Amino acid sequence: MSWFRNLIQLSTIKRSPLKPTKSIVSPSLTQLLQFSTESESAATRQGGLGPTKGDEKPRVVVLGSGWAGCRLIKDIDTKMYDVVCVSPRNHMVFTPLLASTCVGTLEFRSVAEPIGRIQPAISREPGSYFFLANCTGVDFQNHAVHCQTVTDGVDIPDPWSFKLSYDKLVIASGAQASTFGIKGVKEHAIFLREVHHAQEIRRKLLLNLMLSDVPGVSDEEKLRLLHCVVVGGGPTGVEFSGELSDFITRDVHQRYAHVKDYIRVTLIEANEILSSFDDRLRQYATKQLTKSGVRLVRGIVKDVQPRKIILTDGTDVPYGLLVWSTGVGPSGFVNSLEVPKSPSGRIGVDEWLRIPSVQDVFSIGDCCGFLESTGKPVLPALAQVAERQGKYLAKQLNRIGEAGGGHANAAKGMEPGDPFVYKHLGSMATIGRYKALVDLRQSKEAKGLALAGFTSWFIWRSAYLTRVISWRNRFYVAINWATTFVFGRDISRI
């Protein structure tokens with residue numbers, strides 16, 4: 001039997017005298033790991049995806065995972081294209097409900113949709129990928145993008161750099177918050193654009209509540225710690241102020257009774273709040289916010305310091321929490337691209353969302369704007385604009401692929417089809433206390449339906465519940481709303 005022969009052979013080896021041999025020092029585990037890491041680094045840090053061959057599916061590289069990029073990824077025909085998404089986050093954020101997560105009305109996962117759920121082909125198809133990385137540069141001539149991994153503070157020697165060849169490139173990298181060059185904003189203010197921003201706001205708010213309840217804290221320090229300042233009177237700033245005032249009225253006053261008289265909210269805006277809304281709606285919002293305890297201040301921020309902000313008129317405004325929501329502007333990546341720009345500094349595109357100076361490159365979302373030569377105004381940085389651009393471009397790419405123009409330089413001379421046309425569907429904003437604004441006018445000068453109050457709040461919730469991407473998240477949102485209504489908001493600092 002084989003096992004018996006092996007046993008005899010093993011016993012023979014044990015009985016045989018050992019011959020003196022030269023000692024061999026085996027490498028340590030640390031050395032092996034270091035060697036393997038260095039070998040892996042040498043092999044992969046300069047890796048990537050090369051150009052596609054004629055018998056392979058053409059590759060569409062999408063830079064960004066916002067409203068525009070994710071809508072394109074969702075609608076593109078993956079039987080015709082391989083899809084590669086490059087983004088510093090692996091999910092899409094449903095931004096209209098992000099303010100609700102800061103105060104516990106919704107859970108954070110309710111507003112985040114993983115890329116793999118939006119387009120399952122990225123998880124299962126051999127030629128489709130998602131890479132957690134930032135694009136550092138684009139080689140338009142050679143149809144390639146240079147990327148660098150995002151590590152979020154993980155302790156590794158250096159980020160990995162790699163190159164991706166593309167047949168079609170879609171730049172949907174979004175925009176960054178505008179600070180207008182004001183000193184101290186990036187260091188001390190919190191923006192409200194990502195899930196981690198909402199998490200930071202929530203942790204800071206609850207920490208200040210608990211610190212203000214500690215014995216020995218002076219009244220002056222309590223007033224500072226519990227002063228929440230919001231800069232920017234657009235929809236995001238107003239919605240956050242409304243959610244925060246509702247949280248204070250319904251939850252803080254009950255669960256932090258010792259400090260309930262110290263907490264307050266101030267909204268600072270240089271002009272009128274909700275400037276794009278109907279005048280009657282703006283007046284209603286001003287009245288309701290003031291009634292709910294939000295102090296409205298008209299002023300311009302001059303300087304931001306660790307414990308206070310200074311306005312241009314010399315007024316000092318102490319704060320414990322500072323949320324900055326003053327609009328967006330072109331990112332550093334967009335500024336670095338040597339392509340024509342729109343009057344607002346975004347990537348310039350034509351009526352078909354192409355970058356006319358380069359081949360096979362498109363741009364959608366907040367990072368792009370119509371070139372001045374098109375005669376069209378730059379569209380606002382809104383989710384509905386980005387989503388419709390993504391939907392339009394997906395149809396365009398599918399049409400190009402069906403006509404045999406999917407590969408690089410294969411679409412030259414093809415008819416572009418119908419141009420992109422945007423029609424504004426209206427604006428909505430919640431102001432807390434079961435009240436909201438609904439403005440269905442197509443423009444500020446046009447006439448149309450404008451509603452305010454509880455009916456608008458019901459329309460606002462119904463509309464956004466249907467717009468949440470997946471049934472999974474719709475279920476989460478509905479359950480969170482019901483739980484909050486019955487039991488109140490969660491105040492755990494996790």
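In this text, all values refer to a predicted model and were calculated from it rather than measured experimentally. For this chain, numbers begin at 1 and follow the sequence in order.
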Working to the nearest 0.5 Å, report the span between [atom1] of [X] and [atom2] of [Y].
X: S373; Y: L371; atom1: OG; atom2: CG; result: 4.5 Å
X: R461; Y: T466; atom1: CZ; atom2: OG1; result: 14.0 Å
X: F277; Y: S427; atom1: CZ; atom2: OG; result: 4.5 Å
X: I76; Y: L397; atom1: CD1; atom2: CG; result: 5.0 Å
X: W67; Y: I469; atom1: CH2; atom2: CD1; result: 6.5 Å
X: R489; Y: F247; atom1: CZ; atom2: CZ; result: 7.5 Å

For the side chain of [X] and the backbone of [Y], is there at least one donor-acceptor N/O pair under 3.5 Å apart?
X: D350; Y: W352; answer: yes
X: S462; Y: I459; answer: no
X: S456; Y: L437; answer: no
X: N398; Y: D77; answer: yes
X: S331; Y: A175; answer: no
X: R203; Y: I494; answer: yes
X: T101; Y: L106; answer: no
X: E243; Y: A99; answer: no
X: D167; Y: R59; answer: yes
X: T374; Y: F370; answer: no

Residue pair [X] / [Y]: nearest heavy atoms and the distance that separates them:
X: T484; Y: G104; value: OG1-O, 3.9 Å
X: R474; Y: V468; value: NE-O, 2.8 Å
X: G369; Y: R346; value: N-CB, 3.7 Å
X: A386; Y: G365; value: CB-CA, 3.9 Å
X: I400; Y: A411; value: CG2-CB, 4.0 Å
X: C367; Y: V334; value: CB-CG2, 3.9 Å

So, do [X] and [Y] sit near enough that their side-chain heavy atoms are less than 4.5 Å apart?
X: F131; Y: T149; result: no
X: T52; Y: H407; result: yes
X: I171; Y: C368; result: no
X: H196; Y: F108; result: no
X: V358; Y: H143; result: no
X: T430; Y: W457; result: yes
X: V61; Y: K168; result: no
X: E125; Y: V83; result: no

Would you say the side-chain atoms of [X] and [Y] include a donor-acceptor pair closer than 3.5 Å?
X: S100; Y: T105; answer: no
X: S178; Y: W324; answer: no
X: E113; Y: S470; answer: yes

Within 6.0 angstrom of [X] [atom1], more than 12 heavy atoms from elsewhere:
X: Q199; atom1: CD; answer: yes
X: K391; atom1: NZ; answer: no
X: E187; atom1: CD; answer: yes
X: R472; atom1: CZ; answer: yes
X: D418; atom1: CG; answer: no
X: Q384; atom1: CD; answer: yes
X: R307; atom1: CZ; answer: no

Pair [X] + [Y]: basic N to acidic O under 4.0 Å:
X: E351; Y: K376; answer: no
X: K53; Y: D55; answer: no
X: D490; Y: R202; answer: yes

Checklist entry - Could you walk me through whether V328 and R193 pass the side-chain contact (heavy atoms from CB on, under 4.5 Å) check? => result CA-CA 10 Å; V328 295; R193 295 182 55 78; 2.8 Å; yes
Checklist entry - On the ring face of Y81, is K57 found with NZ or CZ under 6.0 Å from the centre and within 45° of the axis? => result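 No, K57 and Y81 do not form such a contact.
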Item to check | Y476 six-ring face occupied by R109 cation (under 6.0 Å, within 45°) | outcome: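 So R109 does make the cation-pi contact.
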Checklist entry - When L321 is tested against each of V230, I190, V229 for side chain to side chain contact (heavy atoms under 4.5 Å, CB included), which residue passes? => result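 Answer to the side chain to side chain contact (heavy atoms under 4.5 Å, CB included) test with L321 among V230, I190, V229: I190.
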Next on the checklist: Can you classify the ring geometry of Y464 versus F94 as parallel (below 30°), tilted (30 to 60°) or perpendicular (above 60°)?
Outcome noted: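 The rings of Y464 and F94 stand perpendicular, inter-plane angle above 60°.
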Item to check | Parallel, tilted or perpendicular: ring planes of Y422 versus F420, cut at 30 and 60 degrees | outcome: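 The rings of Y422 and F420 lie parallel, inter-plane angle below 30°.
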Next on the checklist: Does L98 form a side-chain contact (heavy atoms from CB on, under 4.5 Å) with H197? I'd like the steps, not just the answer.
Outcome noted: CA-CA 9 Å; L98 189 59; H197 292 151; 5.8 Å; no
Item to check | Step-by-step side-chain contact (heavy atoms from CB on, under 4.5 Å) determination, L164 to C147 | outcome: CA-CA 8 Å; L164 303 174; C147 306; 4.1 Å; yes
Item to check | Derivation of the side-chain contact (heavy atoms from CB on, under 4.5 Å) call for T179 and F191 | outcome: CA-CA 10 Å; T179 63; F191 305 105; 3.9 Å; yes
